[in-house]
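Any value given below was found using the heavy atoms of this structure, including those in side chains, with hydrogens, waters and symmetry copies removed.
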Amino acid sequence: MMATPLAIHRVGLLTAVGASAGASCAAMRAKVSNPSPTRFMDATGEWILAHRVEMPDTLRGLDRLSAMAASVMTEVLEGVAPSDRAVMPLLLCVAEKERAGRQEGLDTALLAHVQQALGCTFSADSSVIAQGRVSVAVALVLARKLIEAARAQRVLIVATDSLLSWATLSHYDRVGRLLTPENSNGFMAGEGAGALLVGPASGGAQLLCTGLGFAIEQATIDSDMPLRADGLSAAIKDAANEAALTVRDFDYRIADLSGEQYYFKEAALALQRTLHQPKAEFDLWHPAECTGEAGALAGAAIIAMAEAAARKGYAKGPNVLAHLSNDAGPRAALALQYRRA
């Protein structure tokens with residue numbers, strides 16, 4: 001059954017390679033990467049490299065996450081009256097509860113911090129979605145429900161995250177998941193924020209989310225089970241079905257891949273299991289090669305990348321398959337479509 005399309009009216013992005021959606025997406029198109037040494041060393045005594053956002057080093061913890069969120073919210077809310085903001089739900093996407101070194105206060109204090117940083121209060125339907133990389137997909141489902149129930153005309157989805165604390169970096173270094181001179185099978189940590197102003201489809205050119213799918217993968221990255229990509233395959237099939245498409249109808253893919261072989265293998269297996277007719281080409285884009293592994297930012301970065309590519313005319317076509325995977329098992333897939341006026 002085809003779902004009600006949800007339009008992406010505006011996007012905002014703050015990454016290590018750009019202070020706005022336009023700058024970040026231009027850098028991602030050019031495959032610009034800007035890692036720099038952190039204040040921390042890995043187990044071999046080498047400085048850990050990461051993708052840092054250009055912000056004062058004095059901003060840390062909740063203050064840093066709030067400042068990054070306020071930056072992208074300002075980008076998408078330009079021209080939106082305070083009275084309209086007051087009735088608009090804010091869905092704040094953050095790190096999952098299982099994340100090593102997770103910042104305290106994400107669930108209880110960050111929402112208030114963000115509203116204070118922006119100087120306004122949002123609807124009582126606002127909430128925190130602590131689902132890591134799949135957070136934005138979960139937020140899109142909730143936004144669609146709020147709009148269909150007439151509880152909101154538009155919804156603001158904001159993701160803010162950082163993996164640059166010592167507690168987080170030291171854990172991933174200890175378990176061999178950081179990219180270092182001694183380990184090629186790893187990721188480079190990052191941070192950033194993204195914002196999406198979403199609402200019903202309207203006239204004019206716009207990017208639509210036409211389908212969403214979710215599932216749980218049992219053979220996680222920490223599991224000894226053989227990976228068959230059952231979870232991601234199921235999520236992709238459900239997203240395609242909601243959009244009334246087959247996987248072959250998508251023109252290209254964007255995913256949250258950040259360097260680890262497990263997730264590239266998962267993406268390849270899921271494609272084998274869902275693409276029943278061959279395609280001459282099926283590009284796979286991954287913004288994390290420029291932004292670093294930045295957790296909850298992934299979904300917003302993917303959507304911003306798809307919107308910019310379609311609007312500027314360098315996309316492979318109007319239909320995009322996006323997918324996201326959490327370490328603990330949750331999987332999400334999105335069907336995105338750019339429709340011109």
Side-chain angles (χ1 to χ4, degrees), residues 1 3 95-100 130-138 140-141 171-172 175-179 183-187 209-289 293-296 298-299 301-302 306 316 319-336:
M1 179 179 178
E96 65 274 34
K97 289 180 170 59
E98 302 88 359
R99 167 86 63 78
Q131 297 286 339
R133 290 194 292 269
V134 304
S135 292
V136 167
V138 174
L140 286 167
V141 172
H171 166 78
Y172 286 119
V175 298
R177 292 186 58 188
L178 286 187
L179 179 66
N183 180 33
S184 60
N185 180 21
F187 63 80
C209 178
T210 56
L212 289 155
F214 299 89
I216 299 294
E217 175 59 59
Q218 300 298 327
T220 63
I221 191 168
D222 297 320
S223 167
D224 293 329
M225 297 173 61
L227 177 62
R228 291 167 34 88
D230 291 331
L232 187 56
S233 297
I236 289 172
K237 289 175 183 177
D238 286 348
N241 287 339
E242 264 204 359
L245 297 172
T246 68
V247 172
R248 194 178 190 281
D249 294 324
F250 292 103
D251 298 297
Y252 67 108
R253 298 166 289 158
I254 311 180
D256 60 344
L257 309 177
S258 56
E260 294 180 287
Q261 294 172 10
Y262 169 92
Y263 288 110
F264 278 96
K265 180 180 179 181
E266 179 186 43
L269 288 172
L271 183 64
Q272 290 176 10
R273 299 188 62 183
T274 57
L275 182 63
H276 302 304
Q277 294 177 289
K279 289 174 67 73
E281 60 178 30
F282 205 178
D283 284 5
L284 176 60
W285 299 0
H286 33 96
E289 67 180 326
E293 170 53 64
I302 283 172
K316 296 291 184 178
N319 292 306
V320 188
L321 172 62
H323 55 79
L324 304 148
S325 298
N326 271 12
D327 289 346
R331 301 293 186 258
L334 296 77
L336 304 172

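The structure places CG of L245 at 5.0 Å from CZ of F250, a figure rounded to the nearest 0.5 Å. Between the NE2 atom in H286 and the CD1 atom in I254 there is a gap of 11.0 Å [rounded to 0.5 Å]. To the nearest 0.5 Å, the span separating CD on Q218 from CZ on R228 amounts to 12.5 Å. We find the NE2-CG distance between H323 and L284 to be 6.0 Å, quoted to the nearest 0.5 Å. Residue K279 holds its NZ atom at 7.5 Å from CG of D249, rounded to the nearest 0.5 Å. Between atom CG of residue L321 and atom OG1 of residue T274 there is a gap of 7.5 Å, rounded to the nearest 0.5 Å.
When atom types are taken as modelled, the side chain of R248 and the backbone of P278 share a donor-acceptor pair closer than 3.5 angstrom. No donor-acceptor distance shorter than 3.5 angstrom exists from the side chain of S223 to the backbone of A219, with no hydrogens or angles considered. In terms of modelled atom types and a separation under 3.5 Å, the side chain of E289 and the main chain of S258 share no donor-acceptor contact. Not one N or O on the side chain of K316 forms a donor-acceptor pair closer than 3.5 Å with the backbone of D251. Remark: the backbone N or O of Q261 is paired with a side-chain donor or acceptor of N185 at under 3.5 angstrom. A donor-acceptor pair is defined here as one N or O able to donate and one able to accept, closer than 3.5 Å; such a pair exists between the side chain of R253 and the backbone of F282. When atom types are taken as modelled, the side chain of E217 and the backbone of G231 share a donor-acceptor pair closer than 3.5 angstrom. Between the side chain of D283 and the backbone N or O of Y252, no donor-acceptor pair lies under 3.5 Å.
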Could you list the donor-acceptor pairs under 3.5 angstrom formed between side-chain atoms of residues 233-240 and any protein atom two or more places apart in sequence or on another chain?
residue: S233; atom: OG; partner: A229; partner atom: O; Å: 2.7

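Heavy-atom minimum distance, P287 versus I302: CG-CG1, 4.0 Å. In plain terms, the two heavy atoms of S184 and L179 that are nearest each other are O-CD1, 3.6 Å. The two residues A306 and V320 make their nearest non-hydrogen contact at CB-CG2, 4.4 Å. When every heavy atom of L212 is checked against every heavy atom of E242, the shortest pair comes out as N-OE1, 2.9 Å. The minimum heavy-atom distance linking V134 with P330 is given by the pair CG1-O, 3.8 Å.
Because its NZ or CZ atom is not both nearer than 6.0 Å to the ring centre of F187 and within 45° of the ring axis, R133 does not count as a cation-pi partner of that residue.
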Side chain to side chain contact (heavy atoms under 4.5 Å, CB included) for H276 and T246? Distances and angles first, verdict last.
CA-CA 9 Å; H276 302 304; T246 68; over 6 Å; no
Check the pair T210, L336 against side chain to side chain contact (heavy atoms under 4.5 Å, CB included), reporting the backbone distance first and the verdict last.
CA-CA 6 Å; T210 56; L336 304 172; over 6 Å; no
Steps toward side chain to side chain contact (heavy atoms under 4.5 Å, CB included) verdict (Y263, D256)
CA-CA 9 Å; Y263 288 110; D256 60 344; 5.8 Å; no
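Between the side chains of D327 and Y262, not a single donor N or O lies within less than 3.5 Å of an accepting N or O.
Qualifying side-chain hydrogen bond (donor to acceptor under 3.5 Å, both in side chains) partners for S325, counting only residues two or more places apart in sequence or in other chains: E266, R331. In this structure N326 satisfies the side-chain hydrogen bond (donor to acceptor under 3.5 Å, both in side chains) test with no other residue, sequence neighbours excluded.
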